Amino acid sequence: MKALKSLQATGLKTDTAKILVVDDEQRLVSVLERLLAGEGYQVHTALGGLEACEKLLEQHYDLALLDLKMGDMGGHEVMDFIAANELDTATIVVSGESSFSAVSKALRRGAYDYLKKPYHPEELLRTVESSLQKIMLEKAHAVMQQRLKKSEELHRYIVNSSPDIVFMLDQQGRFSFLNSKIESLLGYKKSELIGKNYRTIVEDSDLDRASYIFEEQVHKKSGTWSSELKLKARNSDHTARHFEITVFPIESKIRNISGDSSQVAKRVLGTYGTARDITERKEAEDFINFQAYHDLLTRLPNRALFKDRLSISLAQARRNKHKVAVMFLDLDRFKVVNDTLGHAMGDRLLQSVAQRLENCVRKCDTLSRFGGDEFTLLLPTIGSAEDARTIAKKVINVLKEPFHLGDHEAFVGVSIGIAMYPHGGDTVEQLIQNADVA
């Protein structure tokens with residue numbers, strides 16, 4: 001059955017094979033021609049070795065039946081001619097020469113079989129059929145190997161041309177395959193990572209998430225699974241980049257037979273996946289998010305982010321029964337600087353003010369530019385009103401020092417209003433409004 005399938009794969013059948021009968025006796029040639037043609041073979045004849053060589057060059061034959069002793073050119077020489085010209089023609093020797101050296105010489109030259117004259121017709125037909133089956137199977141195998149090679153080459157080309165990193169992990173999470181994209185994106189050579197655990201290239205901050213994907217989720221969930229990870233580069237020339245990881249388990253089915261029933265269980269042999277570089281997309285998202293919640297001139301949180309953080313602080317204050325302070329800062333004489341030195345100098349002044357203010361607040365506080373020359377300061381945990389006044393005096397002193405704007409010195413003051421939760425308001429808008437009024 002396997003032989004039949006292999007033969008069908010080539011599109012060839014033994015009874016349609018093309019055979020060349022070669023002998024220097026016309027009578028023997030005619031007998032063989034009639035015998036083989038009666039079985040459906042396409043039979044051509046050649047009287048002697050020289051004519052055989054001419055016909056072998058003219059067209060393709062699947063099989064040649066050769067006599068060894070011929071007047072012009074012997075069978076061994078014809079086989080040498082076939083080999084020298086790399087002709088895809090198999091041979092069977094049909095000869096009265098039966099010495100060991102002659103037979104051995106023919107077989108060394110690639111003859112499929114050897115029949116001694118006189119032969120029995122049925123024996124010859126069986127030999128021809130058997131040899132053709134071997135020939136066709138060899139051709140089928142060669143065709144399949146060629147197709148497999150082309151398929152592998154195509155797959156290798158597609159994988160290596162992929163814009164994504166393609167990888168395979170074994171059961172222990174070690175790399176068993178990587179495409180060449182790993183080199184251009186992260187600077188690693190494939191040989192450096194084969195056999196190493198995937199954790200080698202995962203940023204420390206994402207190791208827990210990576211473990212969840214590769215060690216827990218893959219074993220629990222069938223089908224694909226996607227997540228985002230930061231992967232670290234090999235050296236300083238490459239920075240950590242964001243990747244969208246898509247993985248699915250490589251599984252084998254195991255049938256457990258117990259009693260009268262059988263169950264099919266799955267065993268994970270490894271993981272196949274891709275890693276798509278989304279660094280540019282993440283950077284664009286981060287920039288858009290930054291724009292939405294920050295003042296681009298001073299890089300401080302804007303009004304929306306300040307209100308959001310104040311809302312969170314108030315919720316925590318209600319739960320923990322502590323105070324929250326909001327300061328409203330309005331720069332004095334800013335309009336004079338802006339009008340006399342120009343808007344560019346005014347912008348530089350605002351940036352310098354923001355920098356000084358940032359240096360005198362705590363990490364847990366939120367300083368924001370509320371708009372124009374107005375700033376707000378959120379103190380999420382404050383002991384008393386006196387503590388808030390102490391911070392306000394510190395801000396006033398910091399801004400008393402002159403600001404150097406090119407060749408000019410500018411002096412600005414600041415007016416500060418303070419509102420404290422819960423007495424100065426218990427909502428976001430009340431606290432901001434009361435601080436502004438104060």
Side-chain angles (χ1 to χ4, degrees), residues 205 285-335 337-338 346-401 403 410-438:
S205 59
E285 290 174 356
D286 291 343
F287 180 69
I288 292 171
N289 185 65
F290 185 87
Q291 283 184 311
Y293 292 101
H294 289 80
D295 171 54
L296 296 183
L297 177 64
T298 62
R299 316 294 286 181
L300 294 176
N302 62 11
R303 183 190 302 246
L305 183 55
F306 181 83
K307 288 184 175 182
D308 184 60
R309 290 184 179 176
L310 177 54
S311 177
I312 294 171
S313 295
L314 287 178
Q316 293 173 341
R318 292 187 189 101
R319 185 167 57 250
N320 300 322
K321 308 297 182 183
H322 62 70
K323 294 180 175 63
V324 172
V326 173
M327 290 187 183
F328 203 95
L329 289 69
D330 193 353
L331 297 182
D332 301 330
R333 295 187 296 277
F334 172 74
K335 188 174 184 302
V337 173
N338 211 33
D347 289 345
R348 286 179 61 179
L349 176 60
L350 288 173
Q351 290 171 336
S352 298
V353 168
Q355 187 174 2
R356 287 191 190 181
L357 291 175
E358 279 188 299
N359 290 333
C360 67
V361 299
R362 302 169 299 176
K363 287 185 178 180
C364 63
D365 301 334
T366 296
L367 173 68
S368 80
R369 183 186 177 199
F370 217 62
D373 60 351
E374 297 173 336
F375 294 82
T376 52
L377 179 60
L378 167 63
L379 307 173
T381 54
I382 194 77
S384 64
E386 187 60 35
D387 293 336
R389 282 192 288 271
T390 300
I391 294 174
K393 291 176 182 177
K394 183 179 179 182
V395 169
I396 292 172
N397 290 330
V398 163
L399 296 183
K400 277 183 179 179
E401 298 296 324
F403 291 88
F411 292 86
V412 296
V414 61
S415 300
I416 301 177
I418 304 174
M420 293 189 63
Y421 168 84
H423 301 295
D426 60 358
T427 67
V428 170
E429 296 300 333
Q430 284 178 354
L431 284 168
I432 294 175
Q433 184 177 356
N434 290 336
D436 188 13
V437 171

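Note that the coordinates shown come from a computational prediction; the quantities given were computed from them, not determined experimentally. Sequential numbering from 1 along the given sequence is applied to the chain's residues.
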query: Of all heavy-atom pairs between Met420 and Leu431, which one has the smallest distance, and what is that distance?
result: C-CD2, 3.8 Å

Check: Asn434 side chain, Gln430 main-chain N or O, donor-acceptor pair, under 3.5 Å: yes

query: Should Tyr421 and Thr427 count as side-chain neighbours, where that means a heavy-atom distance under 4.5 Å?
result: no

- request: Starting at CD of Gln316, measure out to OG of Ser311 and round the result to the nearest 0.5 Å.
  value: 10.0 Å

- prompt: Could you give the distance from CZ (Arg303) to OG (Ser368), rounded to the nearest 0.5 Å?
  reply: 8.5 Å

task: Kindly indicate whether the side chain of Thr381, heavy atoms from C-beta on, has any atom under 4.5 Å from the side chain of Lys323.
output: no

- request: Just do the side chain to side chain contact (heavy atoms under 4.5 Å, CB included) check on Phe375 and Leu350 with the steps written out, would you?
  value: CA-CA 10 Å; Phe375 294 82; Leu350 288 173; 4.2 Å; yes

CD (Glu374) with more than 12 external heavy atoms under 6.0 Å: yes

Phe328: ring-ring contact (aromatic ring centres under 6.0 Å, His included) partners, not counting sequence neighbours: Phe370

query: Looking at CG of Leu297 and CZ of Arg348, how far apart are the two atoms once the value is rounded to the nearest 0.5 Å?
result: 12.0 Å

field: Check: Lys307 and Ile432 side chains under 4.5 Å, non-hydrogen atoms
entry: yes

- prompt: Do the side chain of Asp365 and the main chain of Arg362 share a donor and acceptor less than 3.5 angstrom apart?
  reply: yes

query: Which atom pair, heavy atoms only, marks the closest approach of Ala388 to Ala325?
result: CB-CB, 4.4 Å

field: For the student: nearest non-hydrogen atoms of Cys360 and Val395, plus distance
entry: SG-CG2, 4.1 Å

query: Okay, side chain of Asn397, backbone of Lys393: is any donor-acceptor separation there less than 3.5 Å?
result: yes

- prompt: Under 3.5 Å, side chain of Asn302 to main-chain N/O of Ala304, donor-acceptor pair present?
  reply: yes

task: List the steps, then state whether side chain to side chain contact (heavy atoms under 4.5 Å, CB included) holds for Thr376 with Asp436.
output: CA-CA 9 Å; Thr376 52; Asp436 188 13; over 6 Å; no

Exam field: side chain Gln291 to backbone Leu296, donor-acceptor pair closer than 3.5 Å: no

task: Hey, could you give me the OG1/CG distance between Thr366 and Leu378, rounded to the nearest 0.5 Å?
output: 5.0 Å

Pro301 versus Arg309, closest heavy-atom pair with distance: CG-NH1, 4.0 Å

message: Testing the basics here: between Ile416 and Ala392, what is the closest heavy-atom pair and its distance to 0.1 Å?
response: CD1-O, 3.5 Å

- prompt: Yes or no on side chain to side chain contact (heavy atoms under 4.5 Å, CB included) for Leu310 and Val324, after CA distance, side-chain angles and deciding distance?
  reply: CA-CA 9 Å; Leu310 177 54; Val324 172; 4.1 Å; yes

query: Would you call Arg356 and Glu401 a salt bridge, taking side-chain N to carboxylate O under 4.0 Å as the test?
result: no

field: Heavy-atom closest pair, residues Val337 and Ala410
entry: CG2-CB, 4.1 Å

query: Near Phe403 CZ, under 6.0 Å, is it more than 12 heavy atoms from other residues, nucleotides or ligands?
result: yes

field: Rounded distance [0.5 Å steps], CG in Leu329 versus CG in Leu399
entry: 7.5 Å

- line: salt bridge (charged side-chain N to carboxylate O under 4.0 Å, His left out) test vs Arg369 passes for just one of Asp295, Asp330, Asp347, namely Asp295

task: Begin from the C-alpha positions of Leu300 and Phe306 and carry the test side chain to side chain contact (heavy atoms under 4.5 Å, CB included) through to its verdict.
output: CA-CA 10 Å; Leu300 294 176; Phe306 181 83; over 6 Å; no

- prompt: Say you draw a straight line from CG of Leu367 to CG of Leu357; how long is it, rounded to the nearest 0.5 Å?
  reply: 5.5 Å

- prompt: Is any side-chain heavy atom of Asn338 closer than 4.5 Å to a side-chain heavy atom of Arg333?
  reply: no

field: Residues, nucleotides or ligands: over 12 heavy atoms within 6.0 Å of Gln351 CD
entry: yes

